[in-house]
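For reference, the structure is listed below as structure tokens.
Fair warning: this is a prediction, and the values are worked out from it, not measured in the lab. A, B, ... follow the sequence lines: proteins, then strands. Residue 1 opens every chain.
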Amino acid sequence: MEQVVVRQLIRDSGSYTGKDIELSGWIRNNRDQKSFGFMALNDGSHFSTIQIVYEKAALSNYDQVAHYHVGAAVIVRGTLVETPQAKQPFELKAREITMAGDCPEDYPIQPKRHTREFLREQAHLRPRTNLFAAVFRVRSLLAYAIHQFFQDRGFVYVHTPIITASDAEGAGEMFRVSTLDAKEPAMSESGEVDFSQDFFGRRTNLTVSGQLEAEVFALALRDVYTFGPTFRAENSNTARHAAEFWMIEPEIAFADINDDMRLAEAMVKYVIKYVLQKAPEEMKFFNEFVDKGLQERLEKIVNQEFARVSYSRAVELLKESKEPFDYPVEWGSDLQTEHERYLTEKVFQSPVFVIDYPKDIKAFYMRQNDDGKTVAAMDLLVPGVGELIGGSQREERLDKLEQRIAEMGMDKSELWWYLELRKYGGVPHAGFGLGFERLVMYLTGINNIRDVIPFPRTVKSCEF
RNA sequence: UCCUCGAUAGCUCAACGGUAGAGCAUCCGGCUGUUAACCGGAGGGUUGUUGGUUCGAAUCCUACUCGGGGAGCCA
């Protein structure tokens, strides 16, 4: 007898109709009547469940099967029959149902509505729900789509280090990596912790960005990208921040900020198209139960030019809007979340690139524009999520870069290797960072980052 | 870190100073095609922790813990 999974049946039910097959999976719902019963079985291979029909006359253990609990694992043998008049296209008429793994009645995941907050506390069980199964399948597809997008274009995937000695990027608070004794660390004569006795002989941290290392490879292999975990020890308590998250950072050489934006736009459109095509059931589910306008919005975006606006113009637009913002709009200060949302959701009603930010609110490595006030930075704002991508053209002129490092009071000796990239054959190059979870949020409509990462790590929370 | 809201049955919630309830889930029974089925019955609670006010506290007040939403920081 052939062992099959539901995915095969959905894709090619015709070749199994009338055949004797074996399925295995977990009971989502089980209800019996006097002489027959129905079981909704999910085998993990597909979003959909398959209905198992079992009859008292056909099953020696009918009375036991009728009392199998939700969540129990079973193996079912029977015949696949088409049911064109019913809700589902086909079902399995069972000849034999055996228990593979019992599930007692206190199983937390019951066929009813649970809140996402409750399921977060059941992170080990929540992938068994429709919602989270859909989220994590889409997450997997998205990761694959990202790789395919870049690989098809000849980008080289670079594994930048997880442990880094550089804390010069300034992207946020860092987690220290140390093997020193926490109670009695090695001390120097001046009474400070002596990191020269630490594992690496110096202070080390978990990476907050692979960008600087990605630049190294862009200036050798031209078009590269990173895709890996990133760590920020920020005390952020929002639905959009996690201490451990995944980031994608492409870096392209002989390229300017416009090339950078073209790349970002093409990538976003590519992965949306990919997921809409590969996960229709999941996307339909999100559209129905998570975010009613999701599917239409995504389909529209694929065929729409992303808007572009300069920071200075954006500030004007916000000032002209007469919208009662909680924070004032002022040239020179960063856009607040409310400002970003207004721009993308009200003014442009589409993803929008905001470019040429004041240099004083941006990182040292961004390329200075000729006006002496702004840098060639770009943020991609999208409705619902806010900032999805942050990127820039990098400062390739050694003197300008050194000057900026000095102005910002940074230690240039720690960046010696980064500066040598400019000294030896430096060329214009650009790149951006994409928060992978934010992309998953954007595509699923889920509005909390803790629900799109399998085991979220946030401030004061590291269960599982 | 700041602001704000919340914590009651396994889950989702009600009761808002006077005997803690409902729906779903569970258990028992009924039902010949159900679709998170339906109908009848049963069990299930030191109301997050702590201290106080009161004749009496789930309810009012202290503190704490945990969680939601918003903000800052950012991806």
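- Cation-pi geometry between A/R153 and A/Y270 is satisfied (NZ or CZ under 6.0 Å from the ring centre, within 45° of the ring normal).
- With B/C28, B/C24, B/A37 as the candidates, the nucleotide lying closest to the side chain of A/K112 is B/C24.
- Across the P atoms, B/C66 and B/A25 are found 34 Å apart, a figure rounded to whole Å.
- Side-chain to base pairing of A/R113 with B/U12: no donor and acceptor N or O lie closer than 3.5 Å to each other.
- Atoms OH (A/Y54) and C1' (B/U34) sit 11 Å apart, rounded to a whole Å.
- Using a 4.0 Å cut-off, some side-chain N or O of A/H67 falls inside it from OP1 or OP2 of B/C28.
- As a whole-Å value, the separation of A/R28 CZ from B/A25 P is 16 Å.
- Judged as a salt bridge (charged side-chain N to carboxylate O under 4.0 Å, His left out), and not counting sequence neighbours, the contacts of A/R139 are A/E437.
- For the pair A/H114 and B/C24, the criterion of a side-chain N or O lying under 4.0 Å from OP1 or OP2 is not met.
- Classification of the A/F150-A/F155 ring pair by plane angle, with boundaries at 30° and 60°, yields tilted.
- To the nearest whole angstrom, the two C1' atoms, one in B/A37 and one in B/C31, are 11 Å apart.
- Nucleotide B/U35 holds its P atom 11 Å from the CZ atom of A/F36, rounded to whole Å.
- In this structure, A/I109 reaches neither bases nor backbone, as no heavy-atom distance under 4.0 Å exists between it and the strands shown.
- Across B/A71 and B/G56, the matching P atoms stand 45 Å from one another, rounded to whole Å.
- Comparing A/F245 and A/E55 by the nucleotide of RNA chain B whose heavy atom lies nearest to each, the residue mapping closer to the 5' end is A/E55.
- Within 4.0 Å (heavy atoms only), A/N30 reaches no atom of the nucleic acid at all.
- At a cut-off of 3.5 angstrom, counting only N and O atoms as typed in the model, there is no donor on one side facing an acceptor on the other between the side-chain of A/E91 and the base of B/U35.
- Taking atom P on both B/A7 and B/U59, the two are 11 Å apart, rounded to the nearest angstrom.
- Regarding contacts with the backbone of B/A37, a side-chain N or O of A/R31 is found under 4.0 angstrom from either OP1 or OP2.
- Distance from the side chain of A/Q33 is smallest to B/U34 among B/U35, B/U34, B/C24.
- Projected onto RNA chain B by closest heavy-atom contact, A/D106 and A/I449 fall at different nucleotides, the more 5' of which corresponds to A/D106.
- For the pair A/T49 and A/L41, the minimum side-chain heavy-atom distance is 4.5 Å or more.
- Regarding A/Q110, its CD atom lies at a distance of 13 Å from the C1' atom of B/C27, rounded to whole Å.
- Note on ring orientation: taking the six-membered ring where Trp is involved, the planes of A/F464 and A/F455 are tilted (angle from 30° to 60°).
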Are any protein N/O atoms closer than 3.5 Å to N/O atoms in nucleotides 65-72 of chain B? If there are, list each pair with its distance.
{"from": "B/G68", "atom 1": "OP1", "to": "A/R120", "atom 2": "NH1", "distance (Å)": "2.7"}
{"from": "B/G69", "atom 1": "OP1", "to": "A/N448", "atom 2": "ND2", "distance (Å)": "3.2"}
{"from": "B/G69", "atom 1": "OP2", "to": "A/N448", "atom 2": "ND2", "distance (Å)": "3.4"}
{"from": "B/A71", "atom 1": "O2'", "to": "A/Y327", "atom 2": "OH", "distance (Å)": "2.8"}
{"from": "B/A71", "atom 1": "N6", "to": "A/N237", "atom 2": "O", "distance (Å)": "3.1"}
{"from": "B/G72", "atom 1": "OP1", "to": "A/Q336", "atom 2": "OE1", "distance (Å)": "2.5"}
{"from": "B/G72", "atom 1": "OP1", "to": "A/T337", "atom 2": "N", "distance (Å)": "3.3"}
{"from": "B/G72", "atom 1": "OP2", "to": "A/T337", "atom 2": "OG1", "distance (Å)": "2.7"}
{"from": "B/G72", "atom 1": "O6", "to": "A/N237", "atom 2": "N", "distance (Å)": "3.4"}
{"from": "B/G72", "atom 1": "N2", "to": "A/N235", "atom 2": "O", "distance (Å)": "3.0"}

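- Between A/F353 and A/F306, the ring-plane angle classifies as tilted under the 30° and 60° cut-offs.
- For A/N29, taking side-chain heavy atoms from C-beta onward, the closest of the listed nucleotides B/C31, B/A37, B/C27 is B/A37.
- Under the 30°/60° scheme for interplanar angles, the aromatic rings of A/Y311 and A/W331 are found to stand perpendicular.
- Taking atom OH on A/Y107 and atom C1' on B/C24, their separation rounds to 16 Å, with Å as the unit.
- Between A/R394 and A/D260, no side-chain nitrogen of the basic residue sits less than 4.0 Å from a carboxylate oxygen of the acidic one, so the salt-bridge criterion is not met.
- Of the P atoms belonging to B/C60 and B/G45, the separation is 25 Å, rounded to the nearest Å.
- Using cut-offs of 30° and 60° on the angle between ring planes, the pair A/Y418 and A/F364 is perpendicular.
- Atom pair A/Y62:OH and B/U32:P shows a separation of 11 Å (rounding to whole Å applied).
- Nucleotides B/A9 and B/U65, compared at atom P, are 22 Å apart to the nearest Å.
- Taking the six-membered ring for Trp and thresholds of 30 and 60 degrees, A/Y274 and A/Y144 have ring planes inclined between 30 and 60 degrees apart.
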inquiry  = Taking Watson-Crick (N1-N3 plus N6-O4 or O6-N4) and G-U wobble (N1-O2, O6-N3), each under 3.5 Å, can you produce the dot-bracket string of RNA chain B? Use [ ] for crossing pairs and | for inter-strand ones.
reply    = (((((((..((((....[..)))).(((((.......))))).....((.((..]....)).)))))))))....

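- Residues A/M99 and A/Q64 form no side-chain contact, since every pair of their non-hydrogen atoms from C-beta on lies 4.5 Å or further apart.
- Annotation: B/G23 and B/C38 have their P atoms spaced 12 Å apart (nearest Å).
- Checking B/C74, B/G33, B/C31 against the side-chain heavy atoms of A/K34 singles out B/C31 as nearest.
- Comment: A/D451 engages A/R126 in a salt bridge, judged by a side-chain N to carboxylate O separation of less than 4.0 angstrom.
- Remark: the separation of the C1' atoms in B/G43 and B/C24 is 16 Å, to the nearest Å.
- Rounded to an integer number of Å, the gap from OH of A/Y357 to C1' of B/C74 is 12 Å.
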